[in-house]
Amino acid sequence: MTEIKILKIGGSVLTDKTRLESARMEEIERIATEIARHGSGLILVHGAGSFGHIHAKKYNLAERFSPEGVLETHRSVVRLNDLVVESLRRAGSRPVPVHPLSCTLLRDGRIDAMETEPVIEMVNNGLVPVLHGDVAMDRSIGAGIVSGDQLVSHLARTLKPEIVALGTAVDGVIFRGEVLAEVRREALPKIGSELGASAGVDVTGGMRGKLEELLDLADQGVESQIFNAEKAGQIERILMGERVGTLVEGRI
Ligand code: IPE
């Protein structure tokens with residue numbers, strides 16, 4: 001089996017989170033070029049930014065089932081997915097879209113079941129599956145939001161990849177103005193209150209949600225990195241196996 005790398009690029013990097021469905025095309029194209037150079041074995045997950053959070057909030061999807069909200073939120077993130085997939089294709093990669101709504105089931109907002117076999121076959125055949133934060137059916141509350149971060153941690157738990165990295169619009173986990181080189185669960189009570197919310201509309205928890213997701217993953221033996229995907233070259237460095245940003249480690 002191919003060595004797997006899982007990379008998530010946050011919606012804050014790909015879009016202007018304060019303006020409805022505004023894609024940052026230059027960023028998307030730069031990122032696609034970096035990925036195309038080092039994309040072998042890669043599963044790409046991207047966030048929703050202003051393509052999903054705004055709809056999810058409008059229909060209050062976190063609180064109540066809304067058939068219209070499910071459709072509108074999904075169609076919105078699919079529009080962003082299409083832009084990402086198309087940019088990757090133009091950059092010389094072999095992307096293929098994978099929509100979590102069609103292969104993932106939640107229970108109380110957490111992934112209860114996910115069809116990962118097709119994703120593995122895609123990677124084994126040289127394709128780059130491109131997943132995204134999405135709306136998904138939920139066994140207990142009708143429908144809910146599955147964040148890209150949760151998809152990353154579920155896939156990583158199942159597939160035990162070589163590299164797991166979350167590209168954000170900041171340099172890593174920042175505490176008292178400094179980027180932490182590494183972080184463990186033990187540090188959470190101390191740094192937790194300083195972890196910022198995301199700029200713009202965000203229904204899935206900002207940096208704290210991200211870190212909690214990755215600490216759970218680290219507890220299962222899979223380390224990951226949080227880094228700045230807005231800085232040119234960082235994605236390439238990550239995909240080549242370098243340490244960039246903050247390493248999220250398991251308990252001592
Ligand atoms: C959110 O996904 C999905 C929806 C709101 C539909 P993410 O939580 O992964 O998106 P970003 O990275 O914060 O934009």
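Model, not experiment: these values are computed from the prediction. Counting begins at 1 with the first residue of the sequence. Both ligands and their constituent atoms are indexed starting at 1 by order of listing.
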S140 (side chain) donor-acceptor with R107 (main chain) under 3.5 angstrom
no
Within the distance-only criterion (no hydrogens, no angle test), does the side chain of D171 pair as donor or acceptor with the backbone N or O of V179 below 3.5 angstrom?
no
Counting both backbone and side chain atoms, is some N or O of K8 under 3.5 Å from an N or O of ligand 1?
yes
Side-chain donor or acceptor of R24 paired with backbone N/O of S12 under 3.5 Å
yes
Region of H55 that comes within reach of ligand 1 [heavy atoms, distance under 4.0 Å]:
neither
Between H132 and H74, how do the two ring planes meet: parallel, tilted or perpendicular, split at 30° and 60°?
tilted
Is the contact between V45 and ligand 1 made by the side chain, the backbone, both, or neither, using heavy atoms and a 4.0 Å cut-off?
neither
Could you tell me, atom by atom, which parts of ligand 1 come under 4.0 Å of a heavy atom of T73?
6 (C)
If you measure from atom 14 (O) of ligand 1 to every heavy atom of G69, G47, G49, which option wins on shortest distance?
G49
Whether E34 side chain and E236 backbone form a donor-acceptor pair below 3.5 Å
yes
Within the 4.0 Å heavy-atom shell around G52, which atoms of ligand 1 are there?
5 (C)
Checking heavy atoms under 4.0 Å, the part of H46 that sits near ligand 1 is neither
Within the side chain of K17, is there an N or O that forms a donor-acceptor pair under 3.5 Å with the backbone of A48?
no
When you measure from atom 10 (O) of ligand 1 to each heavy atom in A48, G11, G167, G209, which option holds the nearest one?
A48
Pairs of nitrogen or oxygen atoms closer than 3.5 Å, one from G10 and one from ligand 1: do any exist?
no
D134 neighbourhood, listing ligand 1 atoms whose heavy-atom distance to it stays under 4.0 Å
3 (C), 6 (C)
Is there a donor-acceptor pair closer than 3.5 Å between any side-chain N or O of S50 and the backbone N or O of S22?
yes
For residues I145 and L106, determine if any side-chain heavy atom of one lies less than 4.5 Å from a side-chain heavy atom of the other.
no
Numbered atoms and elements of ligand 1 in range of G148, under 4.0 angstrom, heavy atoms:
2 (O), 7 (P), 9 (O)
